[in-house]
Amino acid sequence: LKSQMAGCVEALSRETARQEKNTQGLQQQIGAHNPGGAIYDPITGLAGAMPAENYIRGCTSSDQQIYALLLVLKRLDTVNRRYGYAAGDRLMSHYGATVTERLPEHGRLFRWHGPSFLAVMPLPDSMSAVNTEAARIATVPSEYVIEHEDRSILLRANVVWTVHPIRRSSDAIDLSARLDAFVTSHANYSEPGMSQN
């Protein structure tokens, strides 16, 4: 009986190693085809940065006047460190879903790089209207209760945002670089309020 059990344990060990190897291979293939979630973000269910860039190019090539609203969650890395990546993922997912509900009819939301979202919307008549609409979208209710290790944690997502009107194709030439620079300079700006219940 001991030798049969040892054989079963050995077979299970080999099968586990095989499955882990297959999983790693699959993860590498996904990473190669979707670097950094650039095509599709499984956490939020949103298209990533590459489809956003293609969508903006398509709008400008058809002479649609649009604007890009970049929303950056500040200090998401702190949430990840304190409560784990699952909590940070849930915060991103909840916030993205809330923003989606606030978009105008022809607006589209994408997951940009890191802790950020990019909304692309038709350009209103004036910059004042753009800023009013952007502020309305950016100031969504941003308190979410996350369950973590048998306790409830209230996470408040502090967000910074910037608006980029795109009236002609030349306005979109260095847009990605400007958006990335904004994310880099603001993602770690200050810590979101967090309290435990």
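These numbers come from the heavy atoms of this one structure, side chains and all, not from hydrogens, waters or symmetry mates.
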(message) How close do Ala129 and Pro124 get, counting heavy atoms only, and between which atoms?
(response) CB-CB, 3.6 Å

(message) For a 4.5 angstrom cut-off between non-hydrogen side-chain atoms, does Met92 reach Leu73?
(response) yes

(message) Quick check for you: to the nearest 0.5 Å, what is the distance between Ser169 atom OG and Ile56 atom CD1?
(response) 12.5 Å

(request) Find out if a path of hydrophobic residues (ILVMFWY) with successive side-chain heavy-atom gaps under 4.5 Å connects Ile43 to Leu46. (result) no

(message) So Ile166 and Gln64, do their side chains get closer than 4.5 Å, heavy atoms only?
(response) no

(message) Could you check whether any side-chain heavy atom of Trp112 comes within less than 4.5 Å of a side-chain heavy atom of Glu53, counting everything from C-beta outward?
(response) yes

(message) To check you understand the geometry: which heavy-atom pair defines the closest contact between Arg156 and Leu154, and what is its length?
(response) NH2-CD2, 3.4 Å

(message) We want to know whether Asp41 and Thr44 form a side-chain donor-acceptor pair, criterion being a heavy-atom distance below 3.5 angstrom.
(response) yes

(message) Using side-chain heavy atoms (C-beta onward) and a distance below 4.5 Å, is Tyr40 in contact with Met50?
(response) no

(request) Please round to the nearest 0.5 Å and tell me the distance separating atom CD of Glu133 and atom OH of Tyr67. (result) 3.5 Å

(request) Decide yes or no for Ile173 and Leu175: does some side-chain heavy atom of the first lie under 4.5 Å from some side-chain heavy atom of the second? (result) no

(request) Measure the CG-OG distance between Asp180 and Ser116 for me, rounded to the nearest 0.5 Å. (result) 8.0 Å

(message) Can you confirm whether Val72 sits close enough to Pro115 that some side-chain heavy atom of one is under 4.5 Å from a side-chain heavy atom of the other?
(response) yes

(request) Count the heavy atoms belonging to other residues, nucleotides or ligands that lie under 6.0 Å from CG of Asp174, then report whether that count exceeds 12. (result) yes

(request) Decide whether Met121 and Met127 are clustered together by the hydrophobic rule: side chain heavy atoms of Ile, Leu, Val, Met, Phe, Trp, Tyr closer than 4.5 Å, transitively. (result) yes

(request) For residues Val183 and His113, report the shortest heavy-atom separation together with the two atoms involved. (result) CG1-O, 4.0 Å

(request) Determine the interplanar angle of the Tyr95 and Phe117 rings, folded into 0 to 90°, and report it as parallel if under 30°, tilted if 30 to 60°, perpendicular if over 60°. (result) tilted

(request) Given salt bridge (charged side-chain N to carboxylate O under 4.0 Å, His left out), test Arg167 with Asp171 step by step and report yes or no. (result) CA-CA 7 Å; Arg167 293 181 176 88; Asp171 293 337; 5.5 Å; no

(message) I'd like to know if Leu91 and Tyr85 are part of one continuous hydrophobic network [Ile/Leu/Val/Met/Phe/Trp/Tyr, side-chain heavy atoms within less than 4.5 Å].
(response) no

(request) For the pair Arg90 and Leu155, evaluate side-chain contact (heavy atoms from CB on, under 4.5 Å) and give the outcome as yes or no after the intermediate values. (result) CA-CA 10 Å; Arg90 283 193 292 271; Leu155 298 179; over 6 Å; no

